Protein chains: 2
Amino acid sequence: MPRAGLNQQTVVREAARLADEVGYGQLTLAALASRLGVALPSLYKHVRGADALSQKLSALATAELATELTTAAAGRAGGDALRAMADAYRDYARRHPGRYPATQRVPDPADPEHVVAGERAVGAIFAVLRGYGLSGDDAVDATRALRSALHGFVSLEAGGGFGLPRDVDRSYHQMVAGLDASFRRWPGADQPGRGGAGLAGAGEWSYPSARD
Amino acid sequence: MPRAGLNQQTVVREAARLADEVGYGQLTLAALASRLGVALPSLYKHVRGADALSQKLSALATAELATELTTAAAGRAGGDALRAMADAYRDYARRHPGRYPATQRVPDPADPEHVVAGERAVGAIFAVLRGYGLSGDDAVDATRALRSALHGFVSLEAGGGFGLPRDVDRSYHQMVAGLDASFRRWPGADQPGRGGAGLAGAGEWSYPSARD
DNA sequence: CGAGCTTGGCTAATGAGGTTAGCTTCCTGG
DNA sequence: CCAGGAAGCTAACCTCATTAGCCAAGCTCG
């Protein structure tokens with residue numbers, strides 16, 4: 001029996017590919033094992049179990065998303081940055097329909113890479129909002145509003161929640177335009193010098209104590 | 001053996017209660033049967049299976065949500081109506097953490113009550129937006145933005161996605177204030193006479209052809 | 001009243017998926 | 001070269017969903 005030569009990274013990466021193909025809810029250890037050409041219990045040499053695989057997938061997907069958001073916003077400011085980031089967000093969700101839902105899982109405090117990925121994602125959003133002069137509590141509120149709108153839209157879209165023929169792209173752009181207008185008038189906007197940068201938003205992606 | 005006296009309605013209602021207690025993802029035919037004091041296969045006399053139960057639960061929850069949204073908006077207009085409806089939406093999601101996720105399932109075209117519930121829910125949102133002078137495509141865009149923001153917020157909140165100490169109620173109210181401001185300046189706002197009322201929004205809650 | 005049918009319960013059996021235990025074999029470091 | 005850890009495997013068991021088929025409760029109607 002030649003060995004398959006797996007390790008945790010190859011397993012998690014294949015899980016991500018499989019999830020994109022069959023859907024996050026249909027990601028199963030059995031299907032993953034057969035895709036990797038090993039027996040199901042062999043996977044336990046690389047991941048602790050189904051839940052741990054989900055968590056690692058979440059870390060991977062969150063890191064990817066954070067990178068794409070950061071890249072999209074780089075070199076842009078204000079409405080430009082917002083639109084670019086919003087497009088990147090929806091784009092990621094559509095290109096990776098199986099990974100995207102994994103990004104909504106709360107980071108595991110015991111997995112530093114996962115925690116850092118969440119912080120990078122929120123950090124990218126914070127950075128865009130700083131372009132509107134937002135910081136501190138106002139930026140937290142704005143971040144929540146932005147994440148809510150983007151996540152809500154892409155998850156409704158993915159779930160088939162938009163039935164009417166009206167162009168979905170147009171609706172998205174209109175929503176983002178509304179967000180841009182709101183942030184320009186947001187409490188605290190364009191009142192610089194109210195808060196520092198640095199680890200802005202650290203901890204906001206997750207709420208570890210809410211785990212059950 | 002005395003009979004348990006179940007019927008579809010009692011089964012679905014108990015499923016709703018159970019889902020609220022243990023979580024939508026933990027709703028299982030086995031747990032439901034034991035809660036109802038019958039053997040698992042007995043449930044098949046009342047529901048076709050696990051998926052059909054989810055669908056019926058979705059119909060129930062969507063109808064409840066539609067009623068609460070409609071009630072909240074009744075007798076109010078503009079920003080008042082928007083705020084009341086937004087509060088009702090979040091309130092429902094928090095009081096019924098197990099039913100709420102079920103409302104995101106696409107209505108089953110074969111279940112008229114389910115379809116009607118979805119139409120009532122979107123209709124309530126449309127009615128509020130009419131108070132901003134919105135109709136037609138502009139109202140569709142605005143409905144999508146509103147649903148996205150509300151759904152995104154409550155699902156991030158339920159998932160523990162808000163980690164920082166900043167008051168979540170305050171963030172929600174700020175987001176709703178932003179939506180109010182956006183709708184007042186929305187394309188088409190306060191330009192009446194552009195579209196009719198009636199079955200406005202019918203079909204928007206669902207996208208049956210997207211089912212797989 | 002009671003014969004019989006419909007119905008709502010049951011047990012048994014099957015199958016998918018996850019998990020654990022414990023065995024074997026590859027292959028690398030000393 | 002060979003010892004031991006790592007990476008496979010099979011077997012066994014658990015939970016849950018589903019289907020088949022049996023049986024009795026209790027209603028309907030002669």
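What you see is a predicted model, and the numbers here were worked out from it, not measured in a lab. In what follows, chains are A, B, ... by sequence order, proteins preceding strands, each numbered from 1. Just so it is clear, the values below take in all heavy atoms, side chains as well, and ignore hydrogens, waters and symmetry mates.
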Gap between atoms CG and C1', on B:L43 and D:dC16 respectively (whole Å): 12 Å
If the sugar-phosphate is the primed atoms plus P, OP1 and OP2 and the base is the rest, what is the B/S/- string for nucleotides 16-23 of chain C, using protein heavy atoms under 4.0 Å? -SSBB---
With a 4.0 Å heavy-atom cut-off, tell me which residues in residues 10-18 of chain A come close to DNA chain D, sorted by residue number. none
Atom CG of A:L36 to atom C1' of D:dG8: distance rounded to whole Å? 13 Å
Spacing between A:L32 atom CG and D:dG8 atom C1', to the nearest angstrom: 15 Å
Would you mind checking if A:E64 and A:R120 are paired as a salt bridge, meaning a charged N to carboxylate O distance below 4.0 Å? no
When the aromatic ring centroids of B:Y100 and B:Y89 are compared, is their separation below 6.0 Å? yes
I'd like to check the side-chain contact (heavy atoms from CB on, under 4.5 Å) partners of B:A16; sequence neighbours left out, ordered by chain and number. B:L57, B:L60, B:R99
Under the salt bridge (charged side-chain N to carboxylate O under 4.0 Å, His left out) test, which residues partner A:R94, sequence neighbours left out? A:E157
Nearest-Å distance for atom pair CD/P, residues B:Q8 and C:dG9: 13 Å
Residue set satisfying side chain to side chain donor-acceptor pair (under 3.5 Å) with B:D137, at least two apart, ordered chain then number -> A:R166
Under-4.0 Å side-chain N/O to phosphate OP1/OP2 contact, A:S42 with D:dA7: no
Would you mind checking if B:D87 and B:R90 are paired as a salt bridge, meaning a charged N to carboxylate O distance below 4.0 Å? no
Looking at D:dA6, I'd like to know if its phosphate oxygens (OP1 or OP2) sit under 4.0 Å from a side-chain N or O belonging to A:H46. no
Ion pair A:K56/A:D111, N-O distance below 4.0 Å: yes
Please collect all side-chain hydrogen bond (donor to acceptor under 3.5 Å, both in side chains) contacts where either partner lies in residues 36-48 of chain B, sequence neighbours excluded, each pair once. none
